Amino acid sequence: MNPEHFQIAIDGPVAAGKGTVSRLVAERLNFLYVDTGAMYRVTAYLSLQHNIPFTDIPAIVELLKKTDIQMHNPSPEEADGRLTTVLVNGEDVSWKIRTEAVGNGAAKVAQIKEVREILVEKQQVIASSQNVVMEGRDITYRVLPNAQLKIYLTGKDFVRANRRHLQLQSRGNDVNFEEVYLDLKERDNLDMTREADPLKIVSDAWVLDTSDFTINQVVDMIVSKAKVMMSA
Ligand code: DC
């Protein structure tokens, strides 16, 4: 059965361009952009802040249950390069969750089944009341299995590592390419081999390799397709 609102579900590996592409598609269509990775990052951020080891599942679950997570498209005053604004109990953590330490922690808490259950439910509630572009690793088959448009956004390993390298450098991070490449391969491996909802390509997904396209070309392709589907 088709959902009441239009849902664009995007999955894909790290640095495929999911965030930037999803944000721009959402802007063009006037949809809400939902970065689900941010929620796993918030979970890791909270655990680090409260000195809870990533292995202490009951403590992480308890903390998560009493935490209010809000996300919205950045307002004009918040436009500082962020793709989304993330509030945790009212505190703006949009940038605090973007560190390498939080990213590594997010990959760990994302393996906890109980954490996934809580976050998936939050994501489904968000998508039940408005049109969304939602991106992550399990959106096309777990969070929004009935989405009207499903996309697996990917790119060649070298191209993705190069993008990630440039992104880190632009944020003042002096890391070498090989380190970034190996880290990316390791994250891919973690995402694709974990027991709880691994990253995978579903049969009804449109597989879009972004290696040879500009961001704008990719956005145009997705917006055109969504418009055709919405007017059908
Ligand atoms: O996209 P990202 O780097 O912000 O994601 C952070 C981590 O969360 C990453 O290890 C993958 C994981 N994740 C997930 O397991 N499921 C999602 N729907 C989104 C992200």
Side-chain angles (χ1 to χ4, degrees), residues 7-23 26 32-48 54 57 60-61 64 69 71 81-86 88 93-127 132-145 147 150-155 157 160-161 163-165 167-168 171 173 175 180 182-202 205 210:
Q7 300 175 342
I8 302 180
I10 304 184
D11 285 329
V14 75
K18 295 192 303 290
T20 311
V21 166
S22 302
R23 176 82 193 88
L32 175 72
Y33 160 54
V34 188
D35 166 11
T36 61
M39 296 189 178
Y40 292 91
R41 285 173 179 268
V42 163
T43 309
Y45 170 77
L46 286 169
S47 307
L48 289 169
F54 296 128
I57 299 175
I60 295 177
V61 166
L64 200 51
I69 306 175
M71 298 170 70
R82 66 182 63 182
L83 294 176
T84 187
T85 291
V86 184
V88 169
V93 298
S94 312
W95 286 113
K96 290 184 185 156
I97 59 168
R98 299 293 159 194
T99 65
E100 282 302 280
V102 172
N104 289 332
K108 294 199 180 103
V109 297
Q111 307 200 37
I112 306 173
K113 195 169 69 39
E114 293 85 344
V115 165
R116 303 198 70 86
E117 276 167 14
I118 295 171
L119 296 184
V120 166
E121 200 187 321
K122 282 185 196 285
Q123 292 152 14
Q124 288 171 334
V125 168
I126 293 173
V132 291
V133 181
M134 192 175 276
E135 54 106 342
R137 308 292 193 285
D138 57 347
I139 313 303
T140 54
Y141 68 94
R142 173 71 63 214
V143 184
L144 306 177
K150 297 182 183 180
I151 300 168
Y152 186 87
L153 206 67
T154 188
D157 294 352
R160 291 189 293 119
R163 284 183 192 152
R164 183 101 187 94
H165 190 216
Q167 191 186 44
L168 287 170
R171 289 189 201 153
N173 257 321
V175 280
V180 174
L182 293 175
D183 189 57
L184 179 127
K185 294 293 283 178
E186 176 164 351
R187 288 230 188 151
D188 280 356
N189 190 38
L190 268 181
D191 281 346
M192 291 173 190
T193 60
R194 69 162 174 247
E195 215 172 291
D197 288 352
L199 173 66
K200 62 183 177 191
I201 306 178
V202 293
T210 64

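These numbers were taken from a predicted model, which means no experiment stands behind them. Atoms within a ligand are numbered from 1 in the order they appear, just like the ligands themselves.
Of the listed options R41, M39, K108, R41 places a heavy atom closest to atom 4 (O) of ligand 1.
Counting heavy atoms from C-beta on, the side chains of Y152 and V202 never come closer than 4.5 Å. Counting only heavy atoms from C-beta outward, the side chains of Y40 and V115 approach each other to under 4.5 Å.
Against a heavy-atom cut-off of under 4.0 Å, R116 is close to the following atoms of ligand 1: 14 (C), 15 (O), 16 (N). Counting atoms of ligand 1 from 1 in the listed order, those under 4.0 Å from a heavy atom of A110 are 12 (C), 15 (O). For ligand 1, the atoms lying closer than 4.0 Å to a non-hydrogen atom of D191 are 10 (O), 11 (C). Each of the atoms 6 (C), 7 (C) of ligand 1 lies under 4.0 Å from some heavy atom of A106. Heavy-atom proximity to A107, at under 4.0 Å, picks out these atoms of ligand 1: 10 (O).
Ranking the protein heavy atoms by distance from atom 18 (N) of ligand 1 puts D138 OD1, 2.8 Å first. Of the protein's non-hydrogen atoms, the one nearest atom 5 (O) of ligand 1 is G37 CA, 3.6 Å. What sits closest to atom 19 (C) of ligand 1 on the protein, heavy atoms only, is T36 OG1, 3.4 Å.
Salt-bridge formation is detected for the pair R160/D157: a Lys NZ or Arg NE/NH1/NH2 atom is positioned less than 4.0 Å from an Asp or Glu carboxylate oxygen. Salt-bridge annotation for R116 and E195: absent, with no side-chain N of the basic residue lying under 4.0 Å from a carboxylate O of the acidic one. Using a 4.0 Å cut-off between charged nitrogen and carboxylate oxygen, R98 and D35 count as a salt-bridge pair.
Annotation: Y40 places no N or O atom under 3.5 Å from an N or O atom of ligand 1; distance criterion only. Annotation: K18 places no N or O atom under 3.5 Å from an N or O atom of ligand 1; distance criterion only. An N or O contact shorter than 3.5 Å links R137 to ligand 1 by distance. Residue contacts with ligand 1: R98 is placed with no nitrogen or oxygen under 3.5 Å of a nitrogen or oxygen of the ligand (distance criterion only).
Here E100 contributes atom CD and L168 contributes atom CG; the two are 5.5 Å apart, rounded to the nearest 0.5 Å. Distance check: T193 OG1 to Q111 CD gives 7.5 Å after rounding to the nearest 0.5 Å.
Using a 4.0 angstrom heavy-atom cutoff, R194 counts as in contact with ligand 1. A heavy-atom separation below 4.0 Å is not found between V14 and ligand 1.
Judged purely by distance below 3.5 Å, without hydrogens or angles, the side chains of R163 and T210 pair a donor atom with an acceptor atom.
With Y141 as the aromatic partner, K200 meets the cation-pi criteria of under 6.0 angstrom to the ring centre and within 45 degrees of the ring axis.
Screening V42, I60, L64 for a side-chain contact (heavy atoms from CB on, under 4.5 Å) with V109, the sole residue that qualifies is I60.
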